[in-house]
Amino acid sequence: MTVTIALPEEPEADKVPRKVKITPEIAAEFLSRNSVNRRLDNGQVEALREAILRNEWQVTHQGIAFDRSGRLLDGQHRLRAIIDAGVPVEMFVFDGLSEDAFPVLDTGKRRSAADTLSSTGEKYLTLLSSTIRHVLLFRTMPNEPWTGVRSRVSNDRILAEYKANVDSYRVAVTVGRELAKHMFASQTALAVGYFLTTEAAPAADIDDWISGLKSGANLDPGDARLVLREVPKDTVKRGSRRRLDMRDQVSMYIKAWNAWVRPEAAGELVLRSLRKKEKMPMPVEERFTR
């Protein structure tokens, strides 16, 4: 059975472009014209689907393109995401492109999260964007791997999160860079750990925590800061059999923080990589003053 989709009329003299509200039904019909596109990237489809469901879809110059014979040249990932989301969105549709245009579509450099943040005037954009990305992963999938297609975070989400917490991220990046000089973990992991723990306990004596991590001076043997400082630095190096990934590093920071906040409940602090099915620790939310 052939399904005919009625689309909005466009002026005969100007068929390119036109803004169309693309429903899942229209998306399916458009996809049926696909004959020359790339292999579908399921991770990209999932990222777009989630953006649609979060109501974060924005109309840009990137849309759907057909050649002169009506074949789909560009937009298969967007169309598939609309179908999977089951939600209509608006985008531009370009008709009548030359078949010769296909090889040059999407050949520009993909905009990174750091590129997206460049307009903010912040320093250390790569570290900043990585910190924000991993904070968002902590919030949305703390007990799943932070690698692979499911761990992709859109640039829009990263920019929105930055705007919501500008000062906190600025301080976290500064602290992450400084602590990495004294400890085993990466700048990103330390910035993420700092952001998450201080967000949970803003009344804590952060200066005391940080100074102890930097120097280790006059700390009792069981002090959580000293235990964290003494994690071997080679555990994060490439090729190390004991290498800790980002989730491991963040989890160890949080475990040490929690033990420092509530030493009476911590017992003996042992810092190690997350075991199979072990859940990511959550920063204690106790509001306290040391």
Side-chain angles (χ1 to χ4, degrees), residues 124 127-128 130-143 146 161 165 167-237 240 242-275 277-290:
Y124 316 116
L127 174 58
L128 174 61
S130 180
T131 299
I132 297 172
R133 172 177 174 266
H134 285 95
V135 166
L136 291 172
L137 290 176
F138 177 91
R139 290 174 176 168
T140 58
M141 45 187 293
N143 301 315
W146 291 351
E161 173 67 15
N165 298 283
D167 293 337
S168 296
Y169 278 114
R170 188 175 294 151
V171 174
V173 165
T174 300
V175 171
R177 294 182 72 248
E178 183 62 29
L179 288 182
K181 300 174 184 177
H182 310 280
M183 300 175 61
F184 73 98
S186 68
Q187 293 181 357
T188 295
L190 293 167
V192 171
Y194 178 88
F195 179 93
L196 294 170
T197 52
T198 54
E199 180 183 56
D205 187 351
I206 306 301
D207 290 341
D208 188 25
W209 166 256
I210 295 298
S211 63
L213 291 179
K214 286 183 179 179
S215 70
N218 302 317
L219 299 181
D220 295 332
D223 191 296
R225 292 167 293 177
L226 188 61
V227 176
L228 188 59
R229 275 180 53 88
E230 292 180 345
V231 176
K233 290 187 177 182
D234 65 358
T235 54
V236 296
K237 292 182 179 178
S240 171
R242 298 181 295 169
R243 186 184 178 200
L244 301 170
D245 64 18
M246 189 64 69
R247 285 183 69 246
D248 288 329
Q249 295 174 55
V250 173
S251 73
M252 292 167 72
Y253 185 103
I254 294 173
K255 286 178 182 178
W257 165 269
N258 289 349
W260 183 70
V261 172
R262 296 181 182 171
E264 70 284 353
E268 182 180 0
L269 178 61
V270 177
L271 298 180
R272 63 189 182 192
S273 60
L274 291 167
R275 298 296 191 258
K277 295 185 179 180
E278 181 182 357
K279 292 185 176 181
M280 171 70 76
M282 297 292 110
V284 294
E285 297 183 356
E286 178 180 345
R287 270 48 176 173
F288 73 107
T289 302
R290 281 187 176 273

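Every heavy atom of this structure was used, including side-chain atoms; hydrogens, water molecules and symmetry mates were not.
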(message) Nearest 0.5 Å, please: how far is OG1 in Thr197 from CE in Met282?
(response) 12.5 Å
(request) Could you tell me the separation between the NE2 atom of His182 and the CG atom of Leu228, rounded to the nearest 0.5 Å? (result) 13.0 Å
(message) For Met183, is there any backbone N or O sitting under 3.5 Å from a side-chain donor or acceptor partner on Arg229?
(response) no
(request) Under the side chain to side chain contact (heavy atoms under 4.5 Å, CB included) rule, what do Arg133 and Met246 come out as? Steps first, then yes or no, please. (result) CA-CA 12 Å; Arg133 172 177 174 266; Met246 189 64 69; over 6 Å; no
(message) How long is the straight-line distance from OG of Ser273 back to CE of Met252, given to the nearest 0.5 Å?
(response) 8.0 Å
(request) Return yes if some donor-acceptor pair links the side-chain N/O of Arg225 with the main-chain N/O of Leu213 below 3.5 Å, else return no. (result) no
(message) Once you measure the plane-to-plane angle for Trp146 and His134, does it fall in the parallel (<30°), tilted (30-60°) or perpendicular (>60°) bin?
(response) tilted
(message) Give me the atom names and distance for the closest heavy-atom approach of Pro281 to Leu274.
(response) CD-CD2, 4.4 Å
(request) Without swapping roles, check the side chain of Asn258 against the backbone of Val284 for a donor-acceptor pair under 3.5 Å. (result) yes
(message) Heavy-atom count check: over 12 atoms from other residues, nucleotides or ligands less than 6.0 Å from Asn143 CG?
(response) yes
(request) Mind listing the closest non-hydrogen atom pair of Ala189 and Ser186 along with its distance? (result) N-OG, 3.1 Å
(message) Under a 3.5 Å distance rule, please check whether Asp220 uses its side chain to pair with a backbone N or O of Gly222 as donor and acceptor.
(response) no
(message) What's the separation between atom OG in Ser251 and atom CZ in Arg272, rounded to the nearest 0.5 Å?
(response) 10.0 Å
(message) Under the criterion side chain to side chain contact (heavy atoms under 4.5 Å, CB included), I'd like the reasoning laid out for Asn165 against Phe195: C-alpha separation, chi angles, the key distance, then a yes or no.
(response) CA-CA 10 Å; Asn165 298 283; Phe195 179 93; 4.1 Å; yes
(request) Write down the atom of Leu219, the atom of Asp223, and the distance for their closest heavy-atom approach. (result) CD2-OD2, 3.8 Å
(message) Has Gln249 got a side-chain atom pairing as donor or acceptor with Leu190's backbone, closer than 3.5 angstrom?
(response) no
(request) Of all the heavy-atom pairs spanning Ala224 and Ala256, show the shortest one and how long it is. (result) CB-O, 3.2 Å
(message) Give me the atom names and distance for the closest heavy-atom approach of Leu269 to Lys255.
(response) CD1-O, 4.0 Å
(message) Please report the interatomic distance CG(Asp248) to CZ(Phe184), rounded to the nearest 0.5 Å.
(response) 9.0 Å
(request) Could you check if a side-chain atom of Leu196 sits within less than 4.5 angstrom of a side-chain atom of Tyr253, using non-hydrogen atoms only? (result) no
(message) Can a donor-acceptor pair be found, under 3.5 Å and without considering hydrogens, that links the side chain of Arg177 to the backbone of Gln187?
(response) no
(request) With rounding to the nearest 0.5 Å, note down the distance linking CH2 in Trp257 to OH in Tyr194. (result) 8.5 Å
(request) Would you name the heavy atoms of Ala191 and Thr131 that are closest together and state the gap between them? (result) CB-OG1, 3.5 Å
